[in-house]
Amino acid sequence: MKSLLILLLLLSLGASTYVAAARINWEGSYRTLAVAVSYQELSSWGIGEGSLEELARRGIAAVAVDPFSTDQLEVVELRRGGLEPLLLFPNLSCYDADELRESLARLAELGPRLVLFQDQGQDGYTQDQVEEIADLLERNGTLVGSLEFAPAPVDEDLYRLGFRAFVRAHMIKPEELEELTVSAALARFRRAVRERNIRLVLVLPFNAPSDRNLVYLERLTTLLQQDGFQLGIPKARADFTLAPPLLAVILLGPLSLGLLALNRAWPLRLSANALLLLLGLAVIAAGICSGGRLFRLAAAWATAVLAPVAGYLLCAPRCGQARDSLTQGIAQLLSFSAIALLGGLWVGTILSDWEFFLKLEEFRGVKAALILPLVIVFSLESARCGLSRLRRLLLRRPTLGELLLLLLGAGVLAVALLRSDNLSIVPVSGLEGRVRGLLEELLYARPRFKEFLIGHPLLLLWGARRRRLGDYQIVFLALGLVGQASIVNTFAHIHTPFLLSLLRTVNGLLLGLLIGIIVWAVVRGGERLWRSGS
C-alpha cells in the first residue's frame with residue numbers, strides 16, 4: 001500500500017508541475033500595462049487639452065472620461081494623440097431603465113477599448129440588460145477593468161455569462177493619497193503590478209503643483225518599465241482553466257500524503273488503508289462531477305491545513321530519539337518546508353482558474369488555515385510525548401523572563417493572524433514599512449515576516465535544541481508551524497504570479513535559516529559564557 005500511495009503522490013506531483021509550468025508561461029506572456037489619467041485633471045499634470053501627445057510620449061496609454069459628457073469627436077481627438085479613452089461608468093444599480101438604455105447607447109456609439117464600471121451597490125439591472133452589455137463589449141472588443149478591492153457586481157455577472165475580456169485595475173483613492181508620500185504611492189503601484197497582476201492603473205494627482213505631479217507620473221512610468229513591463233493597451237488574456245481530469249490527478253496527492261502521514265503515526269491495516277483510499281477517491285469523483293467551485297475551495301483549504309500537519313507527522317523525530325545539534329535543526333526546517341512547499345504547489349494549481357485570478361472568487365478561511373495546524377500539532381505532540389510535560393508547563397509557576405517570553409510569543413502570533421489577509425486591521429508602522437520597502441528592493445519578492453522572523457527560526461531552534469528546551473519545546477514547535485502554514489498560504493494568493501510566490505517562499509526560507517542559525521549561535525555562546533562564569 002505504501003508503494004501505491006507514493007506512486008499516486010508522484011503522479012500528482014507531475015500533474016501539478018505541468019499545470020504550474022503552464023500557468024508560469026501564461027503569466028509571463030502578460031506584460032503589457034496601461035497607465036491612465038483622468039481627462040478632468042489634465043491641468044493637475046500641467047498638460048493642456050491641446051497637448052495630448054505629450055501624455056503619450058510620457059508613457060500614458062489611456063485617459064479616463066465620463067461617457068455622458070464625451071462625444072465621438074473627443075474620442076477621435078484622443079486617439080489621434082495616441083491615447084485611448086477609458087470610459088468610467090458610474091453606479092449602474094442607480095440607473096432607471098431609461099438611463100441604463102442611454103448608457104448602453106453611449107457604449108455602442110463610442111466603441112471604447114477600455115471600460116471601468118464603478119458599481120459598488122446592489123444589482124439594479126436585469127439579466128437581459130447584462131446580456132446586452134456583454135454583447136456590446138464583445139462586439140467592440142472592449143477590455144473591462146475590474147477594480148481591485150472594489151469590483152463592480154456587474155463584473156461577476158458578465159463573467160457568469162462567459163465574458164472573459166477582463167483586466168485587473170488599481171487606483172489610489174484621493175483620501176488614501178492624502179496619507180501617502182510620493183515614494184509610498186510609487187511603491188504601492190509597483191507592488192500591485194508586480195505582485196497582483198494589475199495591468200491597468202488609474203493615477204490620480206497629488207494636491208501639489210503640476211510640475212511635482214508630472215515628476216511623480218514620469219517616475220511611475222519609468223519604474224514600471226525598469227521592472228520589465230511594456231506600456232500600452234493590454235490585450236485580453238487567453239482563458240486559463242484546469243481540466244477536471246488534471247484536477248482529479250492533482251487531488252490524489254493530498255489524499256496520498258494524508259494516508260502516508262497517518263500510517264507513520266498510527267500504522268493501519270491494509271484493509272483500513274484501502275477503505276480510506278476508496279473513500280477519498282469517491283469524494284474526489286463526487287466533488288469534480290458536481291463542478292462546483294466550493295469543492296475546489298474546500299479541497300484547497302483542506303490541503304493547506306494538511307501539509308504542515310503531515311510535515312510534522314512524517315519528519316519530526318519520535319519522542320526520546322531527538323539529538324540536539326545545529327545540523328538536526330536545519331534538517332528539520334528544510335524537511336518540514338519541503339512538504340509545505342508541496343502543499344503550496346497543490347493549492348496553487350487546484351485554484352488555477354480565471355475566477356480566482358480575477359479575485360471574483362478567492363481562498364477562504366485564511367486565519368483558520370493558519371491557526372488550525374498549530375492546534376492539531378500541539379495536541380498531537382502532547383499526546384505522543386505524554387501529557388505530563390504539558391501538565392507541568394501549565395501548572396508550573398513561570399519566572400518573570402518566561403512569562404515575558406510567553407506574552408511576547410502570544411502577541412507575535414496574534415499580530416501574525418490579524419495580518420493574514422490584504423485587509424488587515426493592524427496598521428503597518430513606519431519602521432515596518434521602511435523594512436518592507438528595503439526587502440522589496442533587495443530581494444524583489446518580500447518574504448513574509450511571520451516566516452523568516454517567527455516560524456522558521458523557532459522551528460530550527462526546536463529541532464536543534466529540543467532536549468534543552470525542556471517543557472517549552474512544544475511551544476517552539478507550535479509557533480514554528482506558523483511559518484509552514486504561511487508557506488502554503490502564500491500560494492493561495494492566486495492573483496500573485498506563481499514564480500513570485502515561489503521566490504517569496506525561497507527568500508523567506510533562506511532568511512529564516514540565517515536568522516535561526518544566528519540565534520542558535522548567540523544562545524549557545526551565551527550558555528558557554530554562563531558556564532565559564534559560574
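Between I60 and V203 there is no side-chain heavy-atom pair separated by less than 4.5 Å. Side-chain atoms of P234 and R31, non-hydrogen and from C-beta on, never get closer than 4.5 Å to each other. Between F452 and L439 there is a side-chain heavy-atom pair separated by less than 4.5 Å. L200 has its side chain out of reach of L33: every pair of non-hydrogen atoms, C-beta onward, lies at least 4.5 Å apart. Using a 4.5 Å cut-off on side-chain heavy atoms (C-beta onward), V435 and F449 make contact. Side-chain atoms of L83 and E53, non-hydrogen and from C-beta on, never get closer than 4.5 Å to each other. For the pair E176 and R188, the minimum side-chain heavy-atom distance is below 4.5 Å. Side-chain contact between R237 and L358 is absent, with no heavy-atom pair separated by less than 4.5 Å.
In this structure, R190 does not pair ionically with E440, as no charged nitrogen and carboxylate oxygen lie closer than 4.0 Å. Between E27 and R23, at least one side-chain nitrogen of the basic residue sits less than 4.0 Å from a carboxylate oxygen of the acidic one, meeting the salt-bridge criterion. Between D353 and R293 there is no salt bridge, since no side-chain N of the basic residue sits under 4.0 Å from a carboxylate O of the acidic one.
When every heavy atom of G145 is checked against every heavy atom of D155, the shortest pair comes out as O-OD2, 4.2 Å. Contact detail for L251 and A299: the closest heavy-atom pair is CD2-CB, 3.8 Å. A pairwise comparison of heavy atoms in F206 and N213 identifies N-OD1, 2.8 Å as the closest pair. Taking all atoms of both residues into account, the shortest heavy-atom contact from L509 to H456 is CA-CD2, 3.7 Å. Shown here for V63 and L55, the closest heavy-atom pair between the two residues is CG2-CD1, 4.2 Å. The shortest heavy-atom contact between L116 and S146 is CD1-N, 4.3 Å.
Taking NE2 of H493 as the start and CG of L500 as the end, the distance is 11.5 Å to the nearest 0.5 Å. The distance from atom NZ of K235 to atom OG of S29, rounded to the nearest 0.5 Å, is 11.0 Å. Within the model, atoms CG of L374 and CZ of F378 stand 10.0 Å from one another, a figure rounded to the nearest 0.5 Å. Distance CD/E441 to CG/L438: 8.0 Å, rounded to 0.5 Å. Taken from CD1 in I198 to CG in L224, the straight-line distance is 12.0 Å, to the nearest 0.5 Å. Once rounded to the nearest 0.5 Å, the distance linking CD of E355 with CZ of R164 reads 8.0 Å.
Between F240 and W26, the ring planes are tilted. Angles from 30° to 60° get that label. Between F498 and F491, the angle of the ring planes lies from 30° to 60°, which puts this pair in the tilted group. Relative orientation of the F166 and F163 rings is perpendicular, given thresholds of 30° and 60° on the angle between their planes.
Counting only distance, with no hydrogens or angles, the side chain of N507 and the backbone of A445 share a donor-acceptor pair below 3.5 Å. Checking side-chain atoms of N197 against main-chain N and O of H495 turns up a donor-acceptor pair under 3.5 Å. The backbone N or O of C315 lies less than 3.5 Å from a partner atom in the side chain of Q332, making a donor-acceptor pair. Side chain of R466 to backbone of P317: a donor-acceptor contact under 3.5 angstrom is found. In this structure, the side chain of T17 engages the main chain of L13 through a donor-acceptor pair within 3.5 Å. A distance-only check finds a donor-acceptor pair linking the side chain of T496 to the backbone of E195 [under 3.5 Å]. Using modelled atom types, no side-chain atom of R113 and backbone atom of G141 make a donor-acceptor pair closer than 3.5 Å. For the pair E84 (side chain) and A61 (backbone), a donor-acceptor distance under 3.5 Å is absent. The backbone N or O of F363 lies less than 3.5 Å from no partner atom in the side chain of W301, so there is not a single donor-acceptor pair.
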Step by step, work out the side-chain contact (heavy atoms from CB on, under 4.5 Å) result for L147 and F117.
-> CA-CA 8 Å; L147 194 59; F117 294 106; over 6 Å; no
Please assess L341 against V488 for the test side-chain contact (heavy atoms from CB on, under 4.5 Å), listing each intermediate value before the final yes or no.
-> CA-CA 6 Å; L341 188 58; V488 186; over 6 Å; no
List the steps, then state whether side-chain contact (heavy atoms from CB on, under 4.5 Å) holds for L503 with L443.
-> CA-CA 9 Å; L503 179 59; L443 303 175; over 6 Å; no
Where do W346 and S12 land on the side chain to side chain donor-acceptor pair (under 3.5 Å) test, with the steps shown first?
-> CA-CA 8 Å; W346 285 327; S12 172; 2.9 Å; yes
Candidate pair R465 and S325, rule side-chain contact (heavy atoms from CB on, under 4.5 Å), full reasoning = CA-CA 7 Å; R465 301 179 58 81; S325 69; over 6 Å; no
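Dense packing is recorded around CD of Q225, with more than 12 heavy atoms of other residues, nucleotides or ligands lying under 6.0 Å away. Within a 6.0 Å sphere centred on CG of D211, heavy atoms belonging to other residues, nucleotides or ligands number more than 12. The local environment of OH in Y444 is crowded, with over 12 non-hydrogen atoms from other residues, nucleotides or ligands closer than 6.0 Å.
The one candidate from V19, L246, L247 that meets the side-chain contact (heavy atoms from CB on, under 4.5 Å) condition with T349 is V19. Just one residue in the list L86, L88, L143, T142 forms a side-chain contact (heavy atoms from CB on, under 4.5 Å) with V115, and that residue is T142. Each of E148, R191, R199 was checked for a side-chain hydrogen bond (donor to acceptor under 3.5 Å, both in side chains) with H170, and the lone residue meeting it is E148.
For the residue pair Y312 and E381, a side-chain donor N or O sits within less than 3.5 Å of a side-chain acceptor on the partner.
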